[in-house]
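Beneath this line is the structure, given in structure tokens, with notes to follow.
What you are looking at is a predicted structure, and each value in this text was computed from that prediction instead of being measured. Whatever order the structure lists them in is the order used to number ligands and atoms, beginning at 1.
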Amino acid sequence: MTSAHAIEQRRSLMTQIPGPRSKELHDRRTHAVSSGLTVGLPVYIERAEGAILVDVDGNHLIDLGAGIAVTSVGHAVDEVVAAVSDQVARFAHTCFMVTPYDAYVEVCETLNRLTPGDHDKRSALFNSGAEAVENAVKIARRATGRQAVVVVEHAYHGRTNLTMALTAKNMPYKDRFGPFAPEVYRVPTSYPFRDGLDGPAAAARAIAAIETSVGAANVAALLIEPIQGEGGFVVPADGFLPALSAWCTDSGALLVADEIQTGFCRTGSWFACDHESVVPDLVATAKGIAAGLPLAGVTGRTELMDAVHEGGLGGTYGGNPVACAAALAAIGVMERDDLSAKARAIESFVRPRLEALQRACPRIGDVRGRGAMLAIEFVVPGTTTPDPAAVKAVVASCHAEGVVVITCGTYGNVVRLLPSLTIAEPLLDDGLSVLESAVRALD
Ligand code: PLZ
């Protein structure tokens with residue numbers, strides 16, 4: 001831990017979950033906020049520190065979601081709080097395209113240094129993951145002079161018009177929001193639990209689909225999450241990503257890695273591509289980069305990033321100075337405290353417990369993930385038929401006990417764990433015990 005915690009890192013419940021004050025706020029929300037936004041657990045948060053969320057009723061909940069892989073350094077870390085406070089007091093905004101500032105440049109230098117590959121790189125900063133993906137596609141099209149973007153099954157890349165087209169799952173992301181952007185092609189991926197293929201075979205299947213339905217010479221970018229996030233924490237079989245990477249090199253298509261959920265130490269290395277020494281042409285980052293402030297980046301080979309005409313990239317807030325200050329502080333903590341090692345230690349602690357749970361519970365079809373990005377997929381025992389009802393029951397019990405867990409998966413049948421990488425072991429142990437009891441209580 002980097003901070004001496006004022007909030008005790010221990011779960012404690014003062015009321016039922018949600019408590020009366022949260023219920024009041026939720027009632028207000030219903031009258032003020034569009035019902036198009038749903039909520040996982042309607043407790044309203046008053047403050048947070050480390051891996052504890054404190055709600056308006058005084059309940060201390062264990063956060064095993066980190067705001068969907070964002071607060072990887074923990075909540076309210078001293079270094080981030082100080083950097084953000086200092087920056088906001090100096091200036092909160094100028095627009096980097098109008099009058100620049102050094103923190104933006106330093107974040108780009110840092111991204112160029114940390115992303116896979118030691119080639120010459122440039123970066124550009126944006127606000128959200130979806131915006132980073134959109135810009136990666138713009139850059140890939142401009143740099144290659146080609147239009148087609150290839151994505152895979154179960155992919156998630158965002159909710160804007162282009163990124164909805166890139167995202168695989170209809171409900172809730174796309175339904176009746178079309179028409180969607182053209183020149184997007186979807187091919188099979190590697191999902192070992194469901195397809196039983198090894199990496200090279202899954203890659204050969206994807207490549208055959210691209211070559212027959214798109215044509216290699218038309219492909220600007222093959223865009224892929226090295227480990228799928230929203231799609232179900234799907235880790236491709238070994239050799240899948242390297243084979244796709246080699247195909248991209250041969251065919252002049254760019255390999256664009258969406259490391260938005262997997263990046264910044266989450267999987268036990270700076271980026272998930274590092275595990276198989278895959279070097280993408282462009283990398284999209286967001287989430288964990290800035291400890292909760294909105295920031296995203298695209299980093300890539302200089303000749304690609306500089307192929308865009310002057311003024312072709314930008315936005316009012318992209319690379320906002322406060323978000324950049326947060327990123328520099330958060331990345332500083334990751335480097336100083338080797339949070340990749342912490343993510344690997346989390347895997348060593350959690351995975352055996354999940355595997356033991358799988359042996360005891362026939363509804364768990366698969367335990368998978370890497371580092372502090374781990375998941376369990378629920379199925380009807382003895383089949384691969386998804387069981388989203390089991391997930392609902394498990395999540396409801398965890399929530400009632402004050403443990404915030406979130407779900408994912410094309411079939412809504414995956415519980416995912418994304419704790420902050422600095423979570424204290426007793427807290428992780430307690431959170432896991434609650435999860436284990438919830439799973440054992442199924443029938
Ligand atoms: N690419 C790999 O995981 C965001 C989405 C939550 P934004 N994932 C959480 C929801 O239901 O909207 C994500 C991601 C990957 C892109 C994105 C998009 O990032 O910052 O949400 O735009």
(message) Residue-level breakdown please: for Ser128 versus ligand 1, do any non-hydrogen atoms fall below 4.0 Å on the side chain, on the backbone, on both, or on neither?
(response) both
(request) Flag the pair Val395 / Val415 as yes when at least one side-chain heavy-atom distance between them is below 4.5 Å, and no otherwise. (result) yes
(message) Starting from atom 1 (N) of ligand 1, what is the nearest protein heavy atom, named by residue and atom, and what distance separates them?
(response) Asp258 OD2, 2.7 Å
(message) Considering non-hydrogen atoms of the protein only, which is the closest contact for atom 6 (C) of ligand 1, and what is the distance?
(response) Ile68 CD1, 3.8 Å
(request) State whether a side-chain donor-acceptor pair under 3.5 Å links Ser269 with His275. (result) yes
(message) Do Val405 and Leu417 make a side-chain contact, defined as non-hydrogen atoms from C-beta onward lying under 4.5 Å apart?
(response) yes
(message) Between Phe91 and Tyr101, is the ring centroid distance below 6.0 Å?
(response) yes
(message) I need the nearest protein heavy-atom contact for atom 17 (C) of ligand 1: residue, atom name and distance, please.
(response) Tyr156 CE2, 3.6 Å
(message) Can you tell me if Lys287 contacts ligand 1 (heavy atom of the residue under 4.0 Å from the ligand)?
(response) yes
(message) Please work out, at 4.0 Å between heavy atoms, whether the side chain, the backbone, both, or neither of Glu230 comes within that distance of ligand 1.
(response) side chain
(request) Could you tell me which atoms of ligand 1, counted from 1 in the order shown, lie closer than 4.0 angstrom to a heavy atom of Ile260? (result) 1 (N), 13 (C), 14 (C), 15 (C), 16 (C), 17 (C)
(message) Between Asp387 and Arg363, does any NZ, NE, NH1 or NH2 come within less than 4.0 Å of an OD or OE carboxylate oxygen?
(response) yes
(request) Assess the side chains of Thr160 and Glu131: does a donor N or O sit below 3.5 Å from an acceptor N or O? (result) no
(request) Considering only protein heavy atoms, determine whether one is less than 4.0 Å from atom 21 (O) of ligand 1. (result) no
(message) Among all the protein's non-hydrogen atoms, which is closest to atom 11 (O) of ligand 1, and how far away is it?
(response) Arg159 NH2, 2.7 Å
(request) For the residue pair Ser72 and Arg266, confirm or rule out a side-chain donor-acceptor distance under 3.5 Å. (result) yes
(message) I need the atoms of ligand 1 closer than 4.0 Å to a non-hydrogen atom of Ala130, numbered in the order shown.
(response) 7 (P), 18 (C), 19 (O), 22 (O)
(message) Return the closest protein heavy atom for atom 7 (P) of ligand 1 as residue, atom name and distance.
(response) Gly129 N, 3.4 Å
(request) Would you mind telling me which of Pro236, Pro116, Cys273, Pro280 makes a side chain to side chain contact (heavy atoms under 4.5 Å, CB included) with Pro226? (result) Cys273
(message) Looking at Glu303 and Lys121, is any side-chain nitrogen of the basic one under 4.0 Å from a carboxylate oxygen of the acidic one?
(response) no
(request) Please report which non-hydrogen protein atom sits nearest to atom 3 (O) of ligand 1, along with the residue it belongs to and the distance in Å to one decimal place. (result) Gln261 NE2, 2.8 Å
(request) May I ask you to list the atoms of ligand 1 that are less than 4.0 angstrom from any heavy atom of Glu225? (result) 2 (C)
